[in-house]
Structures are given as structure tokens and as C-alpha cells.
Student: 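My structure is below; once you've seen it, I'll send some questions.
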Amino acid sequence: MRKDYNLEKRKFIIGGFIIVICFIYFIKLFELQICETKYKDNADSNAFFRKTIYPSRGLMYDRNGELIVYNQPAYDVIMIPREVTDFDTLDFCHTIQITKEQFDKRLTDLKNKKINPSYSSYTPQTFISHLSAQDYGRIQEKLYRFPGFFIQKRVIRQYNHITGANLLGNIREVNAKDIEKDDYYRPGDYTGDLGIEKSYEQILRGSKGEEILIRDAHGRIKGKYDNGKLDVAPVSGKDLTLSIDVELQKYGELLMQNKIGAIVAIEPATGEILAMVSSPTYDPTQLIGRVRGKNYKELVNNKYKPLFDRSLMGAYPPGSTFKPSQGLIFLEEGIVNLSTAFPCYHGYVSGRLKVGCHSHGSPINLKPALQTSCNAYFCWGLKNMIDSRSRYGSPDKAFEIWKNHLVSMGYGYKLGVDLPSESRGFIPNSAFYNKIYGKGHWSANTIISIAIGQGEILATPLQIANLAATIANRGYFITPHIVKKISNDTLPRKFSEKRIPTIKRQHYVDVVEGMRMAVIGGTCRFAAIPNIEVCGKTGTAQNPHGRDHSAFIGFAPMNNPKIAICVYVENAGFGATFGVPIGSLMMEKYLTREISPGRKYIEDRMLNSNTIIYSGVKKH
Amino acid sequence: MILVVAGAISIYAASYDYDQANIFDFSEFSGKQFMWIGISLVVGFSMLLLDKRVYETYAYLIYAIVILILILTIFIAPDIKGSRSWIVLGPISIQPAEFAKSATALALAKVFSGYNFTLNKNYTNYLKVSLVILLPIILILMQKETGSALVYFSLVLVLYREGMSGLILFASICAIIYFIVAIKFTEDIILGIAAGEFWVYIMVITVLIGMLFIYCRAIILGRNVTFGFIGAGLIAIILNLFGLEIPGRIFFFSIIGLSIIYILIFMFRENIKKIIISLTFAVASIMFLFSVNYVFGNILENHQQIRIKVALGIEQDLRGAGYNVNQSKIAIGSGGFLGKGFLNGTQTKLKYVPEQHTDFIFCTIGEEEGFIGSTIVLALFLFLIIRLINIAERQHTAYGRVYAYCVVSYLIFHISINIGMVIGLCPVIGIPLPFFSYGGSALLGFTILLFILLRIDASRRERGNY
């Protein structure tokens, strides 16, 4: 047959045609598979449903193994807006017992970017949190009728002992800031708020697990991806053993009822905090679950500020509880020795300046001065130190040395307790006074009130208690801490290292004797506990705004001390009237587990007294 | 020859694998497909055993039988997803349209192999050929299997090879482009008419000028007409700048009309026939333009309109008509360079892509074997087609050549449309990917198609030895 070569050429056109098509497809495949990355994410979000499994949060026990904080399951109704299709709204509302209006409101709130900035129709949104077990049971059965809704099991807190609300803290939903700071968090997660829950968040929270489930085109779960090989099991948070003695803590809160103030009790040898009371306090269960928001707001607006942890956030003038530290400095600096005596004629008189004092023998040396809480003695001591140009050259330099001693005792800076929001108190330095009075224009008399813990000096009850612990230890302290043990983990080293102030041990021994004398025959006679050698020092902090604050520091037994304490009661008057009895009751309770019959009347008086009424009352 | 078999077998192997991959939890599907592969191989080899002359001699008979079956199908087939194309025989169902392809190819080849038959000799030859092709198209359309019916239009390629004027091919390509442009750009308005219409006018003018120059070689005429158009265009632009807007349709009608009159007056110096064709082309183009909207809006069914719109990117409709294509793009796109690995495709395994074991099977390859895999498959098909073209050209008889080109045309159409729709370049037309898609009839149909070709090719030597 004749071949038409002209026509045969057309095979190239046909061949070329298909080559061009294949080439175009090749380019398109290249674009789809190599250049574009969004398809990969699309496919993953299509197919994988990542279900978060929340770990159980670490429990908290007291120092005797008594369970304080534990977990309870809670059930949140979660929705993925994109996947919600038409459903019987009324049935839904009825099942979880809300009204149609609440339902609509919740839905609009969810979608409101102002209220809920992390809203996305693709991500799970918490529709209702903390369902009751009954509601959970009901909705679980019907869940298949509400596409796009599912139940997320959560862990919330429950309290075995209603105590230590500020100390323990609580948990709340993370906010935008938390998420920004720590990418562990996703919207809807919980985080610790206040107290131990906050400072030990990383240890308590454990780590979230994730189950990767495969979901088909109809949204049905087809099982685990790759047999669960890529699933991450949740890791439970670590349990904490607190150094708190829950009985003592509760007893302290009881004694402080109707009073404003704080108690801090420390085991001197270890720095472990035995009790840390801030009053007024509140019931930590108020901040669990759905009622949290409302109650929290009320607590914030409460005029007595129960959320303010006075034991470590409150900075108070330490008053006479400051005097032992002064004695220690004067002895260390050689300003005084045990027999150095200063005159006191109802006070310190220097030129036109007079600091009042009460009746006692004169002249007086250190131990009796501590015993009687003589203001004049410590003023003279400070004057001899600051104004001693022969020794220090200038008041500036003398003052710096004075300040450094105090800083070494834990004043003026945060002690480093394992709780959030610790205040650093305030110890001025010479630059501070130079600024106020001008360099060279101030001397001891200008600032004399700091000798008796007044004036610019501010300290937290924790710092004051730490002084008591240091004296009890005769010259060292361990950074106070609230957590005694972390399960399967170790405490930071700083909670077992001794911190030694710049004062020799011998001087502490002398101060201890003075404080013992105060209990035997001085200002702290109410502190005496039968068969236990108690040491103490009262404090009556003058308060320019109202009634004086009543303070006490002490420790017991004198030899081998088990407990050191600071009590600070706002507007309660003399240290001896409230500080001393409360402090001694606390020590007795801790050491003997009961109050001796002869002292029951003190306990009754404390329980029944009310000093909160003096709060905000102008000085009379 | 061996290469073709090897290619075919490798694709068979691949097809077996992918079907497994797709329907891993539907042992039923892969089992059935296995059975079909077996049947196909047996039938295929028995085809090879038959004498070549059987196909040649009984071509019309086979064609007639298949046509009869097609007619029968319209009446006895149950309604499956709106189409009546399946004959159910107990547990298996057969789609006769798939076998009609081979039969039509045989019949077409037979027509061409008639003594001294050439396409261009007279119009009855065209009529005969068209009849052979159009008969199954009409019957399959009556079964509401538009996709399968469209496949037969690919036989235009065969006619082209056998001498049909290239103008018709050119015209079809122009028609497709005009269609797309006219449909796609309906939003913007230029000179008071839709942008699509505007650009079609411009293209018609360009094509007319091009034809005058290249096809008619009427240089002077072409030059004058070009100047005329450019002048008219400049005037229009200037008027427009002065805020005087000429209605676009009247403008184009008048300038094209004037140019046609001008050409008609001066055409006697040139090749009259070619100029007439060129002018007819231009006029037909304009008429086509006006029919486009009517056809699109009134003749095409709603779902077809939407599919075209989706392919042209006019509509997105990710939940409805665009869902398939979007999910299939996601599947392919998520495969990346190396793919997710055999059986690891999430998109396809979890049935996000509907019809993924039949028409959308290319997704599975794209997702699980990645860019490498899909390119290899594409290359294999290309290789197969080029190989088939070579085989076609080495046939000594018109019969063999025409048959081979039929096979080539079918394959080109199937592959380009199928892969094109999966990657979102063509509208969704329900036709399978040869050798890959699940479905016994299609597989058997293609096997028969290919093995008859092999048989014909094998006997090429015998003939040569005489």
C-alpha cells in the first residue's frame, strides 16, 4: 500500500500533543507536591484528630503524710464549631440543664473575639466546663446526636482540709499571656494560680498526653493512628510533701480568726515552714469549678484583702522584734559587750530628741534590755555605732556595715522561699538617707527609730520568723521553704544549704539568754509553757495610721529548738496582748499536740477576741 | 513489541498494588479486581491466539453485536447513580460501553481498509466514518454516560492522521479556547461587553489575520486588513479617552464585517477557496461565541456546569461540586516528594476522596508514592502512547494503522482527562484511568483493545513475508 509521507508527519503532531499535555501535568504535579505545603497540613487536619489526655496533677501531703490536696474528675463539653451541624438544641440544653438563652449567650460569647481571643472554628472550644457527674452521664449517652460536641475529661482540685488557701493556691484556666509565655499551654488548659500551685506548676502539672486518632470523611473515629505508636502517654504530676503541719496550720488559722495578720512557724534546723497563716483567709473550695469566676471577683473586692498573703507579701515595721538583731550587730561590732550599760530614764534622750520607754531599772545592759525591751539601750547602741567616726570614718560607712549585717540575716531582700510574690521588705542604705537628708547632713539621731524596728524598716513576717530561726540555731538559717519533698525528684540545693550571717555564734548564745529572760520575767511572760523552755521577744510596732501592731518572735525549746515563730497581728495593740499568747499557743500545740489545762483560758481569749474591728480605725 | 508487553505488565502489577492499597479493608474490592485481572489475562492471551483475520473479517459483525447490546442496555439496565449503563449478571455487572470502544475501533479500521479508501475522496466517506463513530456516542449518551461518550470524540485524532484537514483540529482547539475564555471572564466589563466576549473578538481577529498570512499567503490583503484593525482599534481607544464609549459589540461587528467585505472584494487575486474558508472560520467563530452562553446555560446539566466552573476556578464550592477535586488535590499535594509510603495515605485510606478506587485512583499514587511515583506513572503512560504511535506507524496496512491510532486516541483522552481532573486542571468527567482504576469492564475493555493491537502487530511480519 502506498504510504503517504505527508500524512505520516502528523504522528509528530499527535505525539507532540500528548507530550505537551504530560508536560503540563508534570508541572502541575510539581507545583502541588513540591511547591505547596498547605496540602500536607490540610490532609493532617482532615485525618488526624489529636485528643489531649490530661495528666493527673500532683497531690499535696502535709509533713506527716496527711493528704491535703487531691484531684477530682470534671467533664467539659467541648465543641469544634466547624463540625457542628444542625442538632436538636432544646434536647441539648435540657440534657446539660441550661436554658436556651444561656446556650445562645454562650455561643455568641465564644465567637466574640474580645471575650475569647483564641477563637477558631477549627479548634476545640470549651462550651461548658465542669459538668456534674449526672449531667455527664446523661450527655455521654446522647453525644452521637450532637455532632461537633464531645466530652473532655479534666482534672480539678479538691481539698481534704479546708485550710491554707493562699499557701496552697488554686488552679485556673490559662489566659493569653500564659500561652504566650509557655508554649506547653493550649487554650483551655489549667495552670496553678497563687501559692504552691503556682510556684510548683511545672512539677505538679506533669505533661499532657496525646492520642492521635484517625477520622474519616464523615468525622467518624476509625481508631488509633499507627496502632497508637505516636501516641504520647500523659505523665502524672509529681506529688509534693509539704513541710506544713496541717493541724498546726488549722490551729493558727483558728487563733487568727477575726484578726488581720500572719503567723509563720519554721523548723529552725531545716528551714521548713511548719505553718504559714495569713488572716483573714478563705475557703479554697470556693475557687473550684464553675463558681470560681464569681467568687474570685468577690475575694478581690473584699476590703480585708484575703487574697493578699500577709505572711510573705505584707511588709511591716518589725518593731521590737528587731531588737535582737541590733544586739547581735552591736556585739559583733564591739560597740557593746555584755556589761556595757546605757542609761534609760523613761527613754532615750539625746539633745532635744527623746524616744520614750517604760519603767525598768537603769542603767541597763544587753540581756535585761532584751528582757524588758528597753528602747533607750538600742538607741544608744545605734548612736554609738553610727556616730563613731573613729571606728568607721563616717556615718555613711558605719551605716553600710550595719545594713550589711542585716542583709546577711535575711532582711531587705527576698529570702527565696518557694512561693510566689514574696516581698523583700525594706532596709535602707546610706545612699537612701543621703538622698533624703543630703550627704553629711544626717547622723544616728536623725534615723534613731530604726534601732527599734520602726522608721523606714519593713520586714515580712517570714523574714521576722527567719530571724527567730537564726537565733534558735545560734547563727545560721536555711532558706525557708514550704515543700519538704518532691516524689521522684530532689529539692533545690538552696533548701538544704546553711546561710551564715556575719555574726559570731557566741553573740547568738547571749541573745538567746536575753530572750529566755524575757519569757521568764520580762515582756513575754504569757509565752511560758509548762516544762518547755521558751525564748521570745515581743514587738509593738507603732502604726502611724491606726492602732499599734502586735508582734512576737520566739522559739522553743531553748536548747535543741523545734519551732521558731513570728506572730504579727495588725492593730491589736501591745505585743504581749496578742502576739505572745498566739505564738506560745502555736508552739505548745506543735510541741505537745495539745494545750495544757492551765493555759486553756488564754486559748479561749484568743479564739474569742476580735481585732479586725480596729482595722482602718484612726489612732486614738 | 516486548516493551509494550512489559509496560502493560508493569502497569498490571502496579494496578494490583494500588488496588490493594486503596481498599485494604475491603477485601471484596481487591478480590474482585484480582479476578478481573485474571480474566483479562486469559481473554487477552486467547485474543492473541486468534488469527488476525478474524478481527478484520468479523469487524462489522462485532460492531453490530456491540451496538445491539448497547441498545439493549438502555432498556434492561437498572438505574445506578442516574445512568443506565450496567448490565447486571448475577454477582458481576458489566458496562458494555467499555467494549464498544474496541468494536468501534475495529469497525473504523475496517472502513479505512476498504479498497482505495481515502478520507478526502468524497463526502460519503466522511459520512460513513462519522456514522461509525456517532452511533455508539448517541447510544451511550442515551445511557447517560456522558464521560464514556466523550471518549469517542478523541477519534478525531485518527481522522486527522488519516487525512482529515488540520483545520478541523485547529477549529476544535480554537473552539475549546473560546469556550473557556468566554465562560471564565464574565465578570469584568470592557466596552460594555463581558471581558470574555471582548477577548474572543480580539482572538477571532488575530486568527483571521494569522490565517490570511500563513494559510492563504495573502500578504498584501493581510497587511491591509491588519492596518485597518489597528486603525479602528486606535480610534476606539482615542474616543474612549475623550469619554466617548462605543458599544463593544457594534464596534467589533462593524470592523469584522467591513474587513470581510473588503476581503471579499479583493479576494479574486488570491486563493479563493482558502480565503473563503478563513472567512467562514471567522464567521463561525462569532456564531460559536454566541452559542456558548446558550449551550452552557441551557443544554448542559446543572452539575456539568458547576464541574466546568470548578475546573476553570470560577467557583470553589468546597463542600459540594468542588469537594472531590479539592480533596483529591489535598491528597496529591500531601504526598510531597517521596509520598507517605505504601498503605499510609490518610486522605485516600480514610475515604476523603470519593470514588478514589475508580476514577480518582491517581490520588492514591500521588499521596502514597509522592511526586516520584506519580511522575513515573505519568512517564509510563507517555512512553506507552509514544510506543503505540510507533507501532501504528510501522503497520503496513491501513487497517492496522487506523486501529492502532484508535487505541492511541482512546488512551490520550482517558489519561489526559483523568489525570487532569484529579489534579484539578480539567472538569470532572467520570472516566477511568486505564489499567489502574478499579472496574472489571474497563480493565477488560482496555486489555482487549491492547491485545488485539498486539495480535495485529504480531502478524505484520507474516504479511511482510508473503
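Nothing here was measured: the structure is a model prediction, and the numbers come from that model. All chains are named by letter (A, B, ...) in the order of the sequence lines, taking the proteins before the strands, and each is independently numbered beginning at 1.
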Student: With a 4.5 angstrom heavy-atom cut-off, which part of B/I389 approaches chain A: side chain, backbone, both or neither?
Tutor: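 Just its side chain gets close to chain A.
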Student: Taking only Lys NZ, Arg NE, NH1 and NH2, and the carboxylate oxygens of Asp or Glu, determine whether A/D182 and A/K177 approach each other closer than 4.0 Å.
Tutor: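 Answer for the salt bridge query: no.
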Student: With a 4.5 angstrom heavy-atom cut-off, is it the side chain or the backbone of B/I412 that approaches chain A, or both, or neither?
Tutor: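 Backbone plus side chain of B/I412, per the 4.5 Å heavy-atom cut-off to chain A.
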Student: At a heavy-atom separation under 4.5 Å, does B/L411 approach chain A through its side chain, its backbone, both, or neither?
Tutor: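 The answer is neither part of B/L411.
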Student: Closer than 4.0 angstrom, basic N to acidic O: yes or no for A/R138 and A/D135?
Tutor: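 Salt bridge between A/R138 and A/D135, a charged N being under 4.0 Å from a carboxylate O: yes.
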Student: Let me know if A/I18 has heavy atoms under 4.5 Å from chain B in its side chain, its backbone, both or neither.
Tutor: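 Its backbone and side chain both get close to chain B.
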Student: A cation-pi test, strictly: NZ or CZ of A/K208 under 6.0 Å from the centre of the six-membered ring of A/Y54 and no more than 45 degrees from its axis. Yes or no?
Tutor: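 Checked: cation-pi criterion not met.
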Student: Non-hydrogen atoms of chain B under 4.5 Å away: do they reach the side chain of A/F30, the backbone, both or neither?
Tutor: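 Both backbone and side chain.
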Student: Is it true that A/D91 and A/K142 have a side-chain N and a carboxylate O under 4.0 angstrom from each other?
Tutor: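 A salt bridge links A/D91 with A/K142.
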Student: Got a salt bridge between A/E201 and A/R57, using NZ or NE/NH1/NH2 to carboxylate O under 4.0 Å?
Tutor: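 Salt bridge flag = yes for A/R57 with A/E201.
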Student: Under 4.5 Å heavy-atom distance to chain A, tell me which part of B/I419 shows up: side chain, backbone, both or neither.
Tutor: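 Both backbone and side chain.
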